[in-house]
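Below is one structure, written out as structure tokens; comments come after it.
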Protein chains: 4
Amino acid sequence: MTTASFVLTTFCQSRPGIVAALSTAIFEMGCNIDDLQQFDDHETDQFFARIAFAAVDGDITKEAVLARLQPDMERFGMTWKLRDADARRRVLLLASKFDHCLADLLYRWRIGELPMEVVGVVSNHPRTTYPNLSFRDTEFRHLPVTRDTKAEQEAQLLKIIEDEKIDLVVLARYMQILSDDLSRKLLGRCINIHHSFLPGFKGAKPYHQAYVRGVKLIGATAHYVTSDLDEGPIIEQDIERISHRDRPEELVRKGRDIERRVLARAVRSHLEDRVLLNGMRTIVFPD
Amino acid sequence: MTTASFVLTTFCQSRPGIVAALSTAIFEMGCNIDDLQQFDDHETDQFFARIAFAAVDGDITKEAVLARLQPDMERFGMTWKLRDADARRRVLLLASKFDHCLADLLYRWRIGELPMEVVGVVSNHPRTTYPNLSFRDTEFRHLPVTRDTKAEQEAQLLKIIEDEKIDLVVLARYMQILSDDLSRKLLGRCINIHHSFLPGFKGAKPYHQAYVRGVKLIGATAHYVTSDLDEGPIIEQDIERISHRDRPEELVRKGRDIERRVLARAVRSHLEDRVLLNGMRTIVFPD
Amino acid sequence: MTTASFVLTTFCQSRPGIVAALSTAIFEMGCNIDDLQQFDDHETDQFFARIAFAAVDGDITKEAVLARLQPDMERFGMTWKLRDADARRRVLLLASKFDHCLADLLYRWRIGELPMEVVGVVSNHPRTTYPNLSFRDTEFRHLPVTRDTKAEQEAQLLKIIEDEKIDLVVLARYMQILSDDLSRKLLGRCINIHHSFLPGFKGAKPYHQAYVRGVKLIGATAHYVTSDLDEGPIIEQDIERISHRDRPEELVRKGRDIERRVLARAVRSHLEDRVLLNGMRTIVFPD
Amino acid sequence: MTTASFVLTTFCQSRPGIVAALSTAIFEMGCNIDDLQQFDDHETDQFFARIAFAAVDGDITKEAVLARLQPDMERFGMTWKLRDADARRRVLLLASKFDHCLADLLYRWRIGELPMEVVGVVSNHPRTTYPNLSFRDTEFRHLPVTRDTKAEQEAQLLKIIEDEKIDLVVLARYMQILSDDLSRKLLGRCINIHHSFLPGFKGAKPYHQAYVRGVKLIGATAHYVTSDLDEGPIIEQDIERISHRDRPEELVRKGRDIERRVLARAVRSHLEDRVLLNGMRTIVFPD
């Protein structure tokens, strides 16, 4: 019998006694807190927490935990998620022509570095676009899209997400803009990598814009997708130093390295329930 | 009447119920937890926490808080410190010939960036060594030292530390090695900046060693002083990229920038009670 | 007799034979090249170079060097500057209320880290604004400015620049916008520090904008002043990682550290003739 | 007919006239210098340069270039290499159990990011060790090794290197120590990635050493292999920030990211002839 371990993420209006109530409940159900991180947003007066805890001497079911926490949760008006810490999230990867982020996430998954199950890969380009990638037993689906078929293609996409019980959709350089409707449906469970240091260079060809502007740093941003293109809550960012020697194509090359590490970090944070939405911002509890 | 706010740092053998007990006690004495960070070292099975909390509706004395927490603290066998969050630490700065760290800390203190009171500056060099620095109303003491007078000089130093009720001694490029005895007496309240990326280049002239070795990065390390020279618990480190163009004197120059920012960050973390000793390592709760 | 050493910076339409002509001329006048860095902008087909060279066996006057280089320079249609490598640039520092950049540059100058002569400090605030700073023998001038007196104040400023033969004006968090006219007159010899990662957050309160947007990195940009506010050619940029815990005032604090190191690096690059203008971009030859 | 372009790397005792002679020769043979970078080591009085140049109006053979440069090269006593800029280097990758560096280099090669031809992969582990990697038409060779068969295995390795005319051997986390003899034979054409920030933690399990020491940064170093284990000339280094939360296995994970990017950068610099040996140090001309 394996010890049951859980991750609780929650937020509510801040008031005294929340940590006392939750930690007492966790103690009384025979669990030990492995990690508790909290954040009080003094501007909005909201309380946010991530609590990882595990049964000490035996087993406890998720249902039992839920039943025990329920009254306190309701009393404080909490929004919350409870996850079995060992349950692996079901992930769908979306890609287009460039496959560096896709290849990177697949590799990290294969060697067991990311706690997820890649349930499928969807591309608007055919399988032959990726001669260097082996998908093995992961299903590859080609869902071509044109302006006329966008609604239909998104319906197919949504059906896959629902049928496969997808927890997280990762836009791994998927170069299609999701409709407002789909963005809304996936709020908080769809991560995009924007190949630029937001909000520096919006629009097309950010690396070329960076070149023309003569910046000395380029960056990338991973964020949750919202209907406001490239403006969703930021999860992770990073940069790399460049010089006058770097032509746009070299910025693109250097950008690939930033993109894949920023996206991988953001996906990891999400998979470990470290990211909480706080309006248009995020709280990312450090690992 | 200002609201009373406190920072509790504590550690003990890990066991279930600690967070529940502490947070319940804090709640019951009419306080709200602003920030709770914990860490369980699974290797040594030790629990560490930093809890910032404040009285909600009124005032509460430090004595009242102590009285309320005492039973729980004893029950769990905790080692702990409780500090009034608004109390500024009394700091003594020690320097030698190079004054970049000294100048930097004084500046940050003057503009109110570091929550401390610089009670005095001690140097083994005379006041004229620092023509560019204004100490204003901070007392400057010249305590020269030779091999023969080291014991005596350290006795003077210790007397200052005791008389002035110094909370923290900062070796701001103080180039004298403290005796084992003094190091022991100041354990956990004396921070040194080692002008090298420990434990890469021990001994003299680390920048010259780095040059000879042809490294591409140089760094600095801020650590608590122990009797084992340059080997105390690390609080903060940082690096800067260098190239084949950098001669030793340029490494020294670039090193100055790293040293002063690494030392300032370490001092800040200590002043905010973010650093807990965990054997020869530290826990640094992020700000 | 000290050996004469020079730095030549130049640019022209790219064509074969330029390096051959210049290096041959330098060789034939009895000099050795210590450092030659070139850059060909393949987009605009422009050649840029920085050549540091010194007389080998004896002395050579700047006039003699000029006379020898002149014909080649004219043949290639070069724009160029020749500077005595040991001549220290005359610098004017402009500041407003916040003095962290000012204090930092003064300190670096005092310890001999920056090859410049600070001829004066100008502020739109009175001397009492800077109780922590010692200007010693550097003249401090208070030039207050209002909307109505702006033209007059700038005329005073320009007179100082001309009378004192200022080579470089540094806006060390000088919070006044220079007029188009003055900006044009100072093109390529006036450096500003923009307390934001350009062009991310234009306008007022960039740190507050960064907070609202929830970015995970903040930065600063040093650039040459042009009439297009905050859009001049970028010399240097850097960033620092932040988190959801950082409130706007902490971004301001962290920003100070970035600003002063970015500005100091840009000033150093300029003082060493490492920065060449390439339209709205810069070439910064590494030190 | 494609325009011929070349990269010349050279070093010799420093003296006036070298750049003049080389650039004049290049000009006279109808070529234009695209990029010239030089470095004078004032300590050893050695001159180092990398010159990229191309025929302007037509074709020129490598033999013709050699013939033209030969007299100057001999006059200055230069050590030099001339390479056709478009010629792709023949690379042999060596790996052991962990394949993150191997996978990364193969991916970068496949997408055309690294100017090389991966001629083969050699491992001391069998093909089944890498179920996630596709080697396609690159030959995989399993060369097992024990203490007793080391000499024989290295003889096989050397035979492959000679038969396949290998320009560069990359130890992509190849966990065998090359013999002194083989190290000497491969001097300057064999790159290793040391999974630690040299010379901080020598010996086994550097990440575990870093954990025990409580460092706040971990790093990796790419260097040329010499008979002095882990002490060869450093080409590239990088670090990542860690915290008290990171257990040894997380340092290993974070280390993988550093290792692969440091190794890829070092390999790129070598492939582009940007790295020159300067005794036990390197000159790395920036790209």
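Protein chains get the first letters and strands the later ones, always in sequence-line order, with residue 1 at the start of each. What you are looking at is a predicted structure, and each value in this text was computed from that prediction instead of being measured.
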C/K62 NZ: over 12 foreign heavy atoms closer than 6.0 Å: yes
Chain D neighbours within residues 12-20 of chain C, where any heavy atom lies under 4.5 Å away: C/S14, C/R15, C/P16, C/G17, C/V19, C/A20
Chain D-proximal positions within residues 31-51 of chain C [heavy-atom distance under 4.5 Å]: C/C31, C/N32, C/I33, C/D34, C/D35, C/L36, C/Q37, C/Q38, C/D40, C/H42
Part of residues 251-272 of chain C lying next to chain D, heavy-atom separation under 4.5 Å: none
side-chain hydrogen bond (donor to acceptor under 3.5 Å, both in side chains) pairs, two or more places apart, involving residues 63-73 of chain C: C/E28-C/R68, C/Q70-C/E74, C/D72-C/R75
